[in-house]
Amino acid sequence: MTLTPDFLDGNAAAGDLEFLFGTDMTMASGRCRGCGEQMMLAQTHAYLGGPGMVLRCPGCEGVLLRLVHSPTQVWLDAGGLDYVTMPAPA
Amino acid sequence: MPIVSRGFHGRARDARHRLPPGQYETADFPVLSAGPTPAVDLDQWEFTVRTETGARHIWDWAEFMALPSQTKTVDLHCVTKWSKFETEWQGVSLDVLLEDVETSAEYALVHSYGDYTTNVPLEDLLDGQAWIAYRYDGEELPPEHGGPARLLIPHLYFWKSAKWVRGIQLLDVEERGFWENIGYHDYGDPWREQRYQGD
């Protein structure tokens with residue numbers, strides 16, 4: 001089985017991530033819980049336009065983060081990330 | 001010379017085609033994916049039903065193609081609010097695939113090639129309500145729409161019609177799938193607008 005990618009880069013998710021974390025996340029990085037790859041969130045593979053936003057690891061294509069907006073709730077699953085780190089505010 | 005207006009006539013609408021609440025009609029067939037499109041070789045393809053006792057029923061592509069198929073024309077309703085009328089599919093009814101499966105399970109978790117899953121009550125897969133579809137609009141089902149084969153369960157929102165289907169796990173206790181465990185409704189009836197948990 002081969003996989004055909006159909007994604008945007010993680011910058012396409014910048015608005016959703018800023019809404020969620022309250023700050024610009026384009027300089028944030030994280031580590032994939034599945035394969036250990038460390039990457040900037042801007043380098044992740046973003047699948048948008050479906051029922052929710054999905055960020056996948058550029059190394060193993062595993063799910064790093066999922067985000068769903070309903071009219072009344074926001075759901076976040078970041079269980080595919082060991083951690084997220086970003087520069088501290090000056 | 002009098003101007004005679006022929007008046008304005010909207011396009012005639014077949015009474016069978018009603019839009020569920022909150023939906024709009026599209027003539028396109030949008031492609032929405034939560035991950036990369038798997039290219040599944042037919043000589044590697046399998047469809048597996050695993051029961052709550054662990055019993056497995058497996059069909060390879062040749063065995064699957066030898067099963068009786070049906071051609072159905074159905075309306076599709078996506079939770080992202082588009083609906084598409086009169087889509088034609090060919091596939092094998094789940095009634096055929098589950099005919100010889102002994103189970104007392106009430107729930108099914110549908111698995112796809114890749115990591116997609118979705119949960120459906122078993123009774124919604126039976127009685128002529130669901131198919132494993134492998135042709136769309138008279139052609140082989142293209143990979144971007146779930147080929148070589150996808151679940152088709154048109155009475156529920158279209159995220160339940162899992163693309164690239166590879167099997168069904170029968171369960172005594174409901175397990176949530178890819179979207180259901182992050183806020184989407186367990187059942188997903190478009191006519192009751194069951195988009196999110198709590199709807």
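Every chain is numbered from 1, with letters handed out A, B, ... down the list of sequences.
Without hydrogens or angle criteria, B:Asp75 side chain to B:Glu86 main chain gives a donor-acceptor distance under 3.5 Å.
Contacts between residues 170-195 of chain B and chain A, counted as heavy-atom pairs separated by less than 4.5 Å, involve B:Phe178, B:Trp179, B:Asn181, B:Ile182, B:Gly183, B:Tyr184.
The OG1 atom of B:Thr103 lies 8.5 Å from the CG atom of B:Leu98; values are rounded to the nearest 0.5 Å. Separation of atoms CG (B:Leu67) and OG (B:Ser93) is listed at 10.5 Å; rounding is to 0.5 Å.
A:Met53 and A:Leu81 end up in the same hydrophobic cluster when Ile, Leu, Val, Met, Phe, Trp and Tyr side chains are linked at under 4.5 Å.
In this structure, the ring of B:Trp61 has its center no less than 6.0 angstrom from the ring center of B:Phe47.
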Could you give the side-chain donor-acceptor pairs of residues 131-148 of chain B under 3.5 Å, partners two or more places apart or in another chain?
| residue | atom | partner | partner atom | Å |
| --- | --- | --- | --- | --- |
| B:Trp131 | NE1 | B:Gln70 | OE1 | 2.6 |
| B:Tyr134 | OH | B:Gln90 | NE2 | 3.2 |
| B:Arg135 | NH2 | B:Gly138 | O | 2.6 |

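Heavy atoms of A:Arg66 lying under 4.5 Å from chain B belong to its backbone as well as its side chain.
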